[in-house]
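A, B, ... follow the sequence lines: proteins, then strands. Residue 1 opens every chain.
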Amino acid sequence: MGLEVGYRRAVSESTPVTLEHHHRSDVHDCWLDVRAYPTAEGLVVFHCDITDRKRAEEEARHNAGLLCAISGTAPGLVFMKDRESRMTDANPALLRAVGQSWERVAGRTDTEWASDSAEAAEEGFTGPNGRRVFLSIKAPMRDADSTASGLVGVSTDLAERTRAEEQRTLLIQELNHRLKNTLATVQGIAQQRWRGADPALRRAFEARLMALSAAHDLLTRENWEGVSLNDLADAALRAHASPGRMLLRRPALPLELKTALALATALHELCTDAAKYGALSEFVEQVSLDWTVMGRRDGRLLLTWRERGGPALVPSKQQGFGSRLVEHALAQELRSEVCILFEPEGVMRTIEVPLPPERAALREGAI
Amino acid sequence: MSRPLRVLVVEDEMIVTMLLEDLLAELGHTVMATASHLNEALQLAEAGGFDIAMLDLNINGKQTFPVAEVLRAQGVPFVFATGYGEAGLPEAWRGTPTLQKPFMGEDLALVLARLMSSV
């Protein structure tokens, strides 16, 4: 009702009129509570500014609409309960999940409408499509004065996630199984090929295959998401010597797949060479392997392999397949720089591997 | 060397079967029979005539646990040879001697010695 209409009605009908008026002009934009009282002389009118209240109401309406829209479209279950665990609100997803109408669950506790009560973090409901398990997060609902007035909960269907996780685990297991069978087949082919040949040849080949297999075991354990250099070095070195003869200095460093496999192969070759000619042979003292990451943005992993107490070596002695693999394959595959020094106290090798930026950053974060 | 053993090999990869024959021969043992299908393996297991058995977990898409059941009932020691490793065994079979493929002759010798000492 407009202002003028209201005033005329108050006069013509001799009755008080109350109305809310939105007053807009070039300088004003406000809401007024208007009360007009007819008198013998005409009208007495009271204006009261209610702009703040109107805005608060508008906001509350907006929020209620938003809440309704969100809980109505959320795939998860959203519900509210009072202190007696009676349902005070539930979104359509919840009603679909439990196969009940709002009228059936409104104001009732779970035990009144469902066959099972729900208090645990993971809870099941038996609906029209069988039993489904949800992860529920519940929190007390508090009034303005902080007293708990009920409960609010949000539940997420776990079936899809569980299925996907199971599927992934199965695939990884299958992949690993096939890979191992393939490695065994390769071993079998080599065995046929080298029948009657020098057993040392076959042994060296098989040892390489086993090192590759062990590196894959580590990857499988980590779901093929990469592997830590510590685990890799441990596995490679442990296969060749007792712990006392190996020293590892080790800041934690996760490696991506390709780097991990190439390094595993390289470490195996280094160990094999050391066992054959160097510090892990009968003359023995020890081998130390340490590594460090340099540079923050374009990180580089610097591995240093140092042998102590092995027999004096001349460069030509270590030009076998293993050395070539370490020097060339690593250089090509990982774009790393490999350097070998024949120092009086033993062989020293450095391998410098460029790391993807995020790996270098991880390393920084790990300190 | 331990006493010569007569071995049943259940494996569906021909090359791997040949490899096992060679590895076992190097250890002084003899492969008495090989099977690459479940039915064949079951018949051989029931017929007996060998000291131990090596079972691939999965041959031509079928799991070999029924063969393991027969061997267990007859008290014949066996080892699973599988790409899954022992972690891939179902709960009921955990603890069964297992060789993870690929393996070397020494690994095979160790597991056979363990099998025979527990009989």
Side-chain angles (χ1 to χ4, degrees), chain A residues 166 168-224 231 235 238-240 261 264-265 268 271-272 275, chain B residues 1 7 9-29 31 34-37 54-65 79-91 93-94 96 98-111:
Chain A
E166 283 170 0
R168 197 173 78 129
T169 308
L170 207 70
L171 272 174
I172 288 174
Q173 271 180 5
E174 195 53 34
L175 172 71
N176 194 42
H177 173 68
R178 301 223 169 249
L179 182 85
K180 292 311 185 66
N181 259 329
T182 304
L183 288 178
T185 308
V186 170
Q187 185 189 6
I189 294 170
Q191 159 81 15
Q192 300 309 313
R193 172 70 185 74
W194 283 328
R195 201 188 269 270
D198 179 3
L201 275 179
R202 201 184 91 200
R203 280 199 58 83
F205 173 79
E206 282 184 341
R208 282 193 181 105
L209 212 62
M210 300 303 148
L212 198 59
S213 169
H216 278 102
D217 281 343
L218 290 177
L219 288 169
T220 309
R221 221 167 56 205
E222 302 301 321
N223 289 333
W224 289 81
D231 290 348
R238 199 175 296 137
H240 290 269
L261 285 175
T265 308
H268 168 75
C271 288
T272 308
Chain B
M1 195 182 288
V7 188
V9 171
V10 177
E11 166 66 60
D12 61 350
E13 285 287 344
M14 184 214 23
I15 301 273
V16 177
T17 306
M18 288 163 71
L19 172 71
L20 288 175
E21 281 175 346
D22 287 353
L23 290 178
L24 286 164
E26 279 167 22
L27 297 171
H29 308 306
V31 174
T34 62
S36 59
H37 286 89
M54 295 188 67
L55 308 179
D56 186 4
L57 267 197
N58 195 315
I59 50 167
N60 289 307
K62 292 208 173 87
Q63 294 197 312
T64 52
F65 297 121
V79 51
F80 288 124
T82 163
Y84 298 114
E86 200 190 327
L89 291 180
E91 205 64 52
W93 294 98
R94 289 275 159 86
T96 309
T98 304
L99 277 167
Q100 178 162 10
K101 289 181 191 170
F103 50 83
M104 296 181 75
E106 300 99 279
D107 305 321
L108 179 59
L110 274 176
V111 84

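When each of B:N58, B:D107, B:L19 is checked for heavy-atom pairs under 4.5 Å with chain A, B:L19 comes out on top. Counting heavy-atom pairs closer than 4.5 Å to chain B, the top residue among A:V186, A:T182, A:L183 is A:L183. Among B:E13, B:M14, B:M18, the residue making the largest number of heavy-atom pairs under 4.5 Å with chain A is B:M18.
Scanning both residues, B:P102 and A:M210, for their nearest heavy atoms gives O-SD, 3.3 Å. The minimum heavy-atom distance linking A:T185 with B:I15 is given by the pair O-CG2, 3.3 Å.
Taking the side-chain hydrogen bond (donor to acceptor under 3.5 Å, both in side chains) definition, one finds that B:T34 meets it with nothing, sequence neighbours left out. Residues passing the ring-ring contact (aromatic ring centres under 6.0 Å, His included) test with A:F205 are A:W194, sequence neighbours excluded.
Atom NE2 in A:H177 sits 6.0 Å away from atom CG in B:D56 (nearest 0.5 Å). A distance of 10.0 Å separates CZ in B:F103 from CD in A:E206, rounded to the nearest 0.5 Å.
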Checklist entry - Please walk me through it: do A:R202 and B:E26 pass salt bridge (Lys or Arg N to Asp or Glu O under 4.0 Å)? => result CA-CA 13 Å; A:R202 201 184 91 200; B:E26 279 167 22; 2.8 Å; yes
Next on the checklist: Under the criterion side chain to side chain contact (heavy atoms under 4.5 Å, CB included), I'd like the reasoning laid out for A:D217 against B:Q100: C-alpha separation, chi angles, the key distance, then a yes or no.
Outcome noted: CA-CA 10 Å; A:D217 281 343; B:Q100 178 162 10; 3.2 Å; yes
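Salt-bridge check for A:R195 with B:E21: failed, with every basic side-chain N at 4.0 Å or more from each acidic carboxylate O.
Side-chain atoms of A:Q191 do not come within 3.5 Å of backbone N or O of B:D22 as any donor-acceptor pair.
A:R203 touches chain B through backbone and side chain together, each having a heavy atom under 4.5 Å away.
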